[in-house]
There are 2 protein chains.
Amino acid sequence: MKLTTRGRYAVTAMLDLAIHGGGQPTTLGDISRRQEISLSYLEQLFAKLRRENLVVSIRGPGGGYQLARGDAAIYVAQIIDAVDESIDATNCQGKGDCNHGEVCLTHHLWQDLSDQIHNFLSDISLADLVSKGSHNGTRVSGLTDAQMVSVRQL
Amino acid sequence: MKLTTRGRYAVTAMLDLAIHGGGQPTTLGDISRRQEISLSYLEQLFAKLRRENLVVSIRGPGGGYQLARGDAAIYVAQIIDAVDESIDATNCQGKGDCNHGEVCLTHHLWQDLSDQIHNFLSDISLADLVSKGSHNGTRVSGLTDAQMVSVRQL
DNA sequence: AAATACCTGAGTAGTTTAGTCGGGAATTGT
DNA sequence: ACAATTCCCGACTAAACTACTCAGGTATTT
């Protein structure tokens, strides 16, 4: 799990799609203009998003991109994973061939930490972000009350 | 909030300090050997960790580094923030001078998301990671049962 | 005085980021 | 048929970042 600006670009673009893509395809040119991301860069990102089946493309005039499914079924973690191919956090490729036992200890600890962040982002959907924006509040709507409490505790 | 290999190095090194630094100062050379991180790179990281008052240094023979306070009072988020200076996620520097209102909308959404990850890592201390390692289990010990439920839900 | 260990800054090969550029291929409207 | 639109694809690139090395310091202990 990596958290870079590229992931942010992808999430922003997907969020733009979710907000402006009511049934009709949205052009990368439109997203580029609205979000001020270069068209060619968007093309690279959407090539990856399409390969991961997060969006579908329609060619020709009137074409563009659409979410591959409802915005409630697309999660932030999926978007980030699609554009930021994951790194091997273990440094010994999980083979456990580290010289000292403690090295692997810390590696595994980090792996678990990374997994927890991943799980965290795996429960925030585009719909959550969209509804949050429209309500202009400080909480992520779309989550249950119990989950909100969880977020607070963490 | 950025999540890179540099942050992982820093967390690993601090965890090594927490595990091996029982009262005595720990040498960067020791950490370098145990964790297989280059000495000079460690020096750069620890310069930043010291500036953020996460460690204290003792010079001369028998010197080294110590945690600036108990391992239960040092959190993963602090370590990562210390070495990975944060990027401005807003792109308009929070001045709200974006041309279109929607740009700032998505920027703030991302900011909030980033904050939530930050809050998440702000509640995992070195002590949590140390105790997890010693128990060799799959849960982060040191958290309350309620918090563990939260982690599961997220 | 000598050894230890932190401290600092400058440089650097390799990778990643965030693009540009140039050309295609599919689809639509005339 | 033809032009416009839009996705698609690969190669290239300046700038930044990563993970180092190197060369010297400075403080402290023996």
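Naming: A, B, ... by sequence-line order, numbering from 1 per chain.
Distances shorter than 4.0 Å separate some side-chain N or O of B:Ser57 from OP1 or OP2 on C:dC7.
Under the rule for a ring-ring contact (aromatic ring centres under 6.0 Å, His included), A:Tyr75 has no partner lying at least two apart in sequence or in another chain. The side chain to side chain donor-acceptor pair (under 3.5 Å) search around B:Asp30 returns B:Arg33, not counting sequence neighbours.
In the set C:dC6, C:dT17, D:dT18, C:dC6 carries the atom at the smallest distance from any side-chain atom of B:Tyr65. Minimum atom distance to the side chain of B:Thr4 is reached by D:dT18, of the listed D:dT28, D:dT18, C:dG19. Nearest to the side-chain atoms of B:Ser40 among the listed nucleotides C:dA3, D:dC22, D:dT18 stands D:dC22. Looking at the side chain of A:Pro61, the nearest of the listed nucleotides D:dT5, C:dT20, D:dC20 is D:dT5.
B:Leu121 has its side chain out of reach of B:Gln78: every pair of non-hydrogen atoms, C-beta onward, lies at least 4.5 Å apart.
Toward the 5′ end of DNA chain C lies the nearest nucleotide of B:Arg59, the other residue of the pair B:Arg59 and A:Tyr41 mapping further downstream.
Among the atoms of the strands shown, none is found under 4.0 Å from any heavy atom of B:Phe46. Residue contacts for A:Gly64: at a heavy-atom cut-off of 4.0 Å it reaches the sugar-phosphate backbone alone, with no base atom in range. Note on A:Ile37: nothing from the nucleic acid sits closer than 4.0 angstrom, heavy atoms only. Within the nucleic acid shown, A:Thr27 comes within 4.0 Å of sugar-phosphate atoms alone, with no base atom in reach, counting heavy atoms only. Looking at heavy-atom distances under 4.0 Å, A:Arg50 makes contact with sugar-phosphate atoms alone, never a base.
A:Asp71 and A:Ser125 are not linked by any side-chain donor-acceptor pair at a separation below 3.5 angstrom, with hydrogens and angles left out of the test.
A donor-acceptor contact under 3.5 Å links the side chain of B:Gln44 to the base of D:dT21. For D:dC8, its base sits under 3.5 Å from the side chain of A:Glu43 at one donor and acceptor pair at least.
Nucleotide D:dC20 holds its C1' atom 15 Å from the CG atom of B:Leu28, rounded to whole Å.
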